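Owing to the predicted nature of the structure, the values given are computational and were not obtained by experimental measurement. Sequential numbering from 1 along the given sequence is applied to the chain's residues.
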Amino acid sequence: MSSGASYPYCIATIVTHKAIESMLEGTGQGSYRDSHPWLVARRLLQQALTAGQQMPILFATLEDAEHPAMMSHWAWIQDIDVVELHRGHWESRCTFAPLHPVNPIWEPIDSLL
């Protein structure tokens, strides 16, 4: 796929703990679907792949408004597919390599600022 170099950008999204558990079943390799058009993300991934680099996706978990979102897992993106199902309704599907847990020192989102 690439020389191992990381692209200077990444994708970050917030999911539930249940979604992460579902993604971790089996090999941890899988996909994530969203109802928003990830057009910019797809373009950035294509630029990364063209340059022989990899681009990661970061998953943060959020269960409710009382608890802050925390970084949970990350993976190298393999593909992003964006489809307009019908006028104004989109589906984006991001497929990725096996998930890796985020080091606990980086779990709080404010630790990245």
Side-chain angles (χ1 to χ4, degrees):
M1 169 193 253
S2 75
S3 63
S6 179
Y7 196 60
Y9 298 101
C10 70
I11 304 301
T13 189
I14 297 176
V15 298
T16 64
H17 285 286
K18 185 176 179 178
I20 288 289
E21 289 172 5
S22 177
M23 288 185 239
L24 286 170
E25 289 180 2
T27 63
Q29 185 169 336
S31 66
Y32 173 72
R33 292 180 187 216
D34 193 278
S35 60
H36 296 91
W38 287 22
L39 299 172
V40 172
R42 182 177 61 185
R43 186 181 78 228
L44 290 172
L45 178 62
Q46 290 306 314
Q47 290 172 352
L49 295 175
T50 300
Q53 298 175 329
Q54 299 181 89
M55 189 167 77
I57 182 166
L58 300 172
F59 292 99
T61 57
L62 178 68
E63 291 305 316
D64 56 52
E66 294 181 22
H67 299 91
M70 301 287 282
M71 291 295 176
S72 174
H73 288 78
W74 71 274
W76 295 115
I77 299 172
Q78 295 174 327
D79 189 33
I80 296 175
D81 188 31
V82 181
V83 177
E84 185 173 19
L85 300 173
H86 49 88
R87 186 176 295 223
H89 291 91
W90 297 83
E91 181 176 277
S92 296
R93 181 176 178 189
C94 177
T95 56
F96 49 85
L99 289 169
H100 303 279
V102 170
N103 187 307
I105 67 169
W106 301 111
E107 286 178 354
I109 289 181
D110 63 352
S111 69
L112 301 175
L113 302 176

### Query
Phe96 pairs by side chain to side chain contact (heavy atoms under 4.5 Å, CB included) with which of Trp74, Trp76, Phe59?
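Looking at Trp74, Trp76, Phe59, the match for Phe96 under the side chain to side chain contact (heavy atoms under 4.5 Å, CB included) is Phe59.
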Between [X] and [Y], what is the shortest heavy-atom contact and its length?
X     : Y     : value
Gln78 : Leu49 : O-CD1, 4.5 Å
His17 : Thr61 : CE1-OG1, 3.3 Å
Ala41 : Ile11 : CB-CD1, 3.4 Å
Leu62 : Ala69 : CD1-N, 3.8 Å
Ala75 : Ala97 : CB-O, 3.4 Å
Ile57 : Cys94 : CD1-SG, 3.9 Å

### Query
For Arg43 and Gln47, what are the C-alpha separation, side-chain angles and deciding distance, and is it a side-chain contact (heavy atoms from CB on, under 4.5 Å)?
CA-CA 6 Å; Arg43 186 181 78 228; Gln47 290 172 352; 3.9 Å; yes
Hydrophobic cluster identity match, [X] and [Y], side-chain contacts under 4.5 Å:
X      : Y      : answer
Leu24  : Ile14  : no
Leu39  : Leu44  : yes
Ile105 : Val102 : yes
Ile77  : Val15  : yes
Val82  : Tyr9   : yes

### Task
Please answer whether the main-chain N or O of Gln46 pairs with a side-chain N or O of Thr50 as donor and acceptor at a distance below 3.5 Å.
yes
### Query
Any donor and acceptor pair, going by atom type alone, linking the side chain of Ser92 with main-chain N or O of His36 inside 3.5 Å?
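Side chain of Ser92 to backbone of His36, a donor-acceptor pair under 3.5 Å: yes, one is there.
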### Message
Once rounded to the nearest 0.5 Å, what's the spacing between atom CD of Glu91 and atom CG of Asp34?
### Response
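So the CD of Glu91 and the CG of Asp34 are separated by 9.0 Å.
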### Atom pair CG/CG of Leu45 and Asp79 - distance to nearest 0.5 Å
7.0 Å
### Task
Give me the ring orientation class for His86 and His89: parallel if the planes are under 30° apart, tilted from 30 to 60°, perpendicular past 60°.
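His86 vs His89 ring planes: tilted.
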### Task
Could you tell me how the ring of Trp38 sits relative to the ring of Tyr32: parallel (under 30°), tilted (30 to 60°) or perpendicular (over 60°)?
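It falls in the tilted class, 30° to 60°.
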### Query
Is there a side-chain contact between Ser6 and Gln54 (heavy atoms, below 4.5 Å)?
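Result no, sub-4.5 Å side-chain heavy-atom pair not found.
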